[in-house]
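Notes for the one structure printed next.
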Amino acid sequence: MSSCIDTSELKQIIMQIVASIPQGKVASYGQVAKLCGYSGYGRYVGSILKRLPSSTTLPWHRVINARGVISFPIGSEAHIKQLSLLFKEGVDSENGKISMRIYGWSI
DNA sequence: CCTGTGACCGGTA
DNA sequence: ATACCGGCCACAG
């Protein structure tokens, strides 16, 4: 079956939610999807962020997975880049586990 | 149209 | 605590 939703609209909502994540805090892919009103679309959130141009101003680095870690292989360029961006914002992490979550944060 | 692929997630062993 | 599994769903080939 083809998509049963308006993907272009969902894409914009996702970008809006990600853009509104406060500096120094993070959200999971599933959390972003749920905040959009589309629970279960975590994978889609990832696919959207993947296509972002390198020149984007969207804080994509504030989105991690539900296990509290960066969803890139440790040591990969993307992982190093995301970690440094988060570290620069003062995100607290121990052994790669991000502790400053976004739970309780409202739109 | 059918199949494989993810920057995912929650439950189970 | 870690490892695996099945479900998830748009998208590319």
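Naming: A, B, ... by sequence-line order, numbering from 1 per chain. We use all heavy atoms of the structure for the numbers below, so side chains are in, but hydrogens, waters and symmetry mates are not.
Summarising the geometry, the separation between CD1 on A/Ile14 and P on B/dA7 is reported as 15 Å, rounded to the nearest angstrom. When rounded to the nearest whole Å, the span between NZ of A/Lys34 and C1' of C/dC8 equals 14 Å. In this structure, the CD1 atom of A/Ile5 is 12 Å from the C1' atom of C/dC11, given to the nearest Å. Atom-to-atom, OH of A/Tyr41 to P of B/dA7 comes out at 19 Å; the value is rounded to the nearest Å. When the C1' atom of B/dG6 is taken as reference, atom CZ of A/Arg43 falls 5 Å away, rounded to whole Å.
Counting only distance, with no hydrogens or angles, the side chain of A/Gln82 and the backbone of A/Val63 share a donor-acceptor pair below 3.5 Å. Of the possible polar contacts, none joining the A/Ser93 side chain to the A/Gly96 backbone as a donor-acceptor pair under 3.5 Å is found. Side chain of A/Thr56 to main chain of A/Pro53: no donor-acceptor pair is present (N/O by atom type, distance under 3.5 Å, no hydrogens or angles).
Between A/Val18 and the choices A/Leu58, A/Ile48, A/Ile13, A/Leu52, the side-chain contact (heavy atoms from CB on, under 4.5 Å) rule is met once, by A/Leu58.
A heavy atom closer than 4.0 Å to some atom of DNA chain B occurs in A/Gly46, A/Leu49, A/Lys50, these being the qualifying members of residues 45-55 of chain A. DNA chain B lies under 4.0 Å from at least one heavy atom of each of the following residues of residues 71-89 of chain A: A/Ser71, A/Phe72.
Closest non-hydrogen pair, A/Val91 versus A/Ile98, comes out as CG1-CG2, 3.5 Å. Of all the heavy atoms in A/Ala33 and A/Gly42, the pair that sits closest is CB-N, 3.9 Å.
Here B/dA7 is the nucleotide among C/dA10, B/dA7, B/dC9 with the atom lying nearest to any side-chain atom of A/Trp60.
Close to C/dC11, at under 4.0 Å from its OP1 or OP2, lies a side-chain N or O of A/Tyr44. Put simply, A/Ser28 has a side-chain N or O that comes within less than 4.0 Å of OP1 or OP2 on B/dC9.
Here salt bridge (Lys or Arg N to Asp or Glu O under 4.0 Å) pairs that include residues 55-66 of chain A, with residues two or more places apart or in two chains, are A/Arg62-A/Glu89.
The 5' end of DNA chain C is approached more closely, in terms of each residue's nearest nucleotide, by A/Arg67 than by the other of A/Cys4 and A/Arg67.
Tracing side-chain contacts under 4.5 Å through hydrophobic residues (I, L, V, M, F, W, Y), one never reaches A/Leu85 starting from A/Ile80; they form parts of separate clusters.
Nucleic acid contact class of A/Tyr29 (heavy atoms, under 4.0 Å, all strands): base.
For the residue pair A/Ser28/A/Asn65, the side-chain donor-acceptor check at 3.5 Å is not satisfied.
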